[in-house]
2 protein chains.
Amino acid sequence: MIKPRSRRGGGRPTIADVARKAGVGAITVSRALREPERVSEELRRQIQAAVDELGYVPDPNARALASARAEVFGVLVPSLTNNVFAEVVRGIYDSLSASPFRIQLGNTHYSGLEEERLLQVFGSQRPAALIVAGIDQTPASRKLLESAGCPVVQVMETGPDPVDMMVGFSHFDGGRTATEHLIEAGYRRIGFIGARMDPRSQRRLAGYRAAMEAAGLFDPRLVTTTPVPSSVSLGREMLRDALAKVPTLDGVFCNNDDIALGVLFECHRASIAVPKTIGIVGFNDLDMMQVAFPSITSIRTHRYEIGRRAVAMALAAIAGNRPEQRIVDLGFELKRRESTAR
Amino acid sequence: MIKPRSRRGGGRPTIADVARKAGVGAITVSRALREPERVSEELRRQIQAAVDELGYVPDPNARALASARAEVFGVLVPSLTNNVFAEVVRGIYDSLSASPFRIQLGNTHYSGLEEERLLQVFGSQRPAALIVAGIDQTPASRKLLESAGCPVVQVMETGPDPVDMMVGFSHFDGGRTATEHLIEAGYRRIGFIGARMDPRSQRRLAGYRAAMEAAGLFDPRLVTTTPVPSSVSLGREMLRDALAKVPTLDGVFCNNDDIALGVLFECHRASIAVPKTIGIVGFNDLDMMQVAFPSITSIRTHRYEIGRRAVAMALAAIAGNRPEQRIVDLGFELKRRESTAR
DNA sequence: CGACGTCATGGTAGCGCTACCAATTGCCCA
DNA sequence: TGGGCAATTGGTAGCGCTACCATGACGTCG
């Protein structure tokens, strides 16, 4: 009666224990758990009873090793605290909570090198799918993604040449739409204020520039950027900088809503009338934008939906029916509010 | 020359390939990778060369199965988008990025049942450590934590009777301090406004109540709460509700900074002077609090540091030297600002 | 100088599970 | 009535790695 099993395993029940108790083969237990329809109802019940009684939980590591495939979604985002990515991640979590898939979340800190490192780590687990933010992977990262042997979804942006699938929208169009709105509202000396100029912000800036040039209004001195991470306090400082350069500034398109909020507060503080003297447009449309006083015009992006859609596409691909539309553009929406209503 | 290995493995190099190429035993490769000091320098070099040439990456699943221990930290938080938890998680990620440990992040949605389910899932992986938010686990969850067989750190709060270790601060004291500050500043009809009344919010409310009662100012009508998730727009609505109940309200202690910001905006909109007519105190001290106009008094909490400290303690326990101080109180700080300076 | 550690290395036997290939049964159709 | 086929179940052989024990080759010390 010496149980040799006691050596390493923490004594937790294994599939063999369940099989013994249910009076069936181990493989049948395995099947009953993964493909119940292939096991007769009678055995299924016996096995379930044994599972419940023993409190058996399959070991995901053994499972992954034996099947050469882990039930894990690898997710790579550049920031965990930026509300935008937090929402995408939330969408991913919510879509996956009812599935057997676990989530492996990586934070690249906006670094291509860190992204490569994490892709290496994640890849070594043979994940079921990979979801990565952005479309500007380094060549090495791209190669890792292509050879991952699983569905890959690039999120947040759309663009040509996906590794596999894409869900997002055009940041260029977003920037252009925001700027055109300011122009139409009658603003002329419209500045761009942007922090942490990642590739998406660069494209928003390009959209801004296109709109300004089309209207014959572009002036490089209107553009104020910094590589520093974005924050509300930074928005305040940057408006000051922008006004120091161009005192006649009468509008700003902000990189994101944190910056926009900082700009609004600085306007209050400096008694600059919004929208009369300066018009403000943000980006992403956080909840607080419509509550602010005055409420702030912003480009609403569908972040949560991006996360959900990415999972749906990956799941479909795993199930064998890859979506026909490999690039999904979820668009955005201009929310006109008081901050540009002059 | 038939490689039987081609059957399931994706053809990736294994430890046996490395061993063959380096002309040593597989176990020596394993050791060279995990405990380099136990292998002679010469072999170490040969092995490293073989690893580099083959592009060998250890399979974490096989490793976990063989050693009955996964290099994974399980982390459970109630929300991914709430900045407070995002910061804690960021601290955890930053502290672990240089280590071999991966992170398994779970979102409980403030649900005890979901926490149990996730604990079950996480436990089945035999994680190296578990970090969970809060101290109010269900009895079932507590049992799971106690039998996890790894270090456990409860974060965000301190309290008696830790499962294993704790890092946080007293929300009761925070609530009391905030309220006492308002009282000292001369406010009398001080309301409490709180959304999503999770256990931590309940304790802040208890602190508020203690302070108000001690000053002989407590009145149940001053308390406005809702189970709805917190948001800036909710803060606005709740101030309206509170004023409808108690028109003479002259101060509010808000559950958190989002609510406080909503309250501030509503004051602007309704032309209520802050801090003159109403004083406002928030909780957590988000970056925007000091930028707001007027700037908002808040209780600064050390969220990022909580994450870092939790990891440090878990890592120490894993290494065999459990910290003597099993309960670490990181405290908080009252940041006095314009919103209460009357 | 022989017994006894210590160090470096290797072999063996699993960890818990599933892919792959039987084996058995019952049923349908020619 | 026999062959074929689907449905159900099981055995065997790993997946890639490490725990455990064994083996030599050296010193070291009484």
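Each chain gets a letter, A, B and so on, in the order the sequences are listed, and its residues count up from 1.
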Could you work out which one of [options] sits closest to the side chain of [X]?
| X | options | result |
| --- | --- | --- |
| A:S40 | C:dT18, D:dC17, D:dT8 | D:dT8 |
| B:D59 | C:dT18, C:dT9, D:dC17 | D:dC17 |
| A:R38 | C:dG10, D:dT8, D:dC17 | D:dT8 |
| A:R63 | D:dT18, D:dT8, C:dC17 | C:dC17 |
| A:I27 | C:dG16, D:dC17, C:dC20 | C:dC20 |
| B:T14 | D:dC17, C:dG16, C:dC17 | D:dC17 |
| A:V39 | C:dT18, C:dG10, D:dT9 | D:dT9 |

Interatomic distance, [X] [atom1] vs [N] [atom2] [rounded to whole Å]:
| X | N | atom1 | atom2 | answer |
| --- | --- | --- | --- | --- |
| B:R20 | D:dC17 | CZ | C1' | 15 Å |
| A:D17 | C:dG16 | CG | P | 9 Å |
| A:E37 | D:dA7 | CD | P | 12 Å |
| B:E35 | D:dC17 | CD | P | 16 Å |
| A:E42 | D:dT9 | CD | P | 9 Å |
| B:L54 | D:dG16 | CG | P | 14 Å |
| B:R34 | D:dC20 | CZ | P | 11 Å |
| B:L65 | D:dA19 | CG | P | 12 Å |

| request: From the options A:N82, A:L105, A:I92, A:V88, select the one residue that forms a side chain to side chain contact (heavy atoms under 4.5 Å, CB included) with A:V77. | output: A:L105
| query | Are B:Q137 and B:Q154 close enough that a side-chain donor and a side-chain acceptor fall under 3.5 Å? | reply |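 Checked: B:Q137/B:Q154 side chains pair up, N/O donor to acceptor below 3.5 Å.
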Does [N] have OP1 or OP2 sitting under 4.0 Å from an N or O in the side chain of [X]?
| X | N | result |
| --- | --- | --- |
| B:S30 | D:dC17 | no |
| A:T28 | D:dG10 | yes |
| A:R12 | C:dC17 | no |

| remark: Walking DNA chain D from its 5' end, the first of B:R31 and B:A62 to be reached, judged by nearest nucleotide, is B:A62
| request: Evaluate whether atom CD of A:E37 has more than 12 neighbouring non-hydrogen atoms of other residues, nucleotides or ligands under 6.0 angstrom away. | output: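 It does: A:E37 CD has more than 12 such atoms within range.
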| task | Could you tell me whether A:R200 and A:D136 make a salt bridge, using a distance below 4.0 angstrom between a side-chain N and a carboxylate O? | result | no
| said: To the closest 0.5 Å, what do you measure between CG (B:D59) and OG1 (B:T14)? | reply: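 Output value for this atom pair is 10.0 Å.
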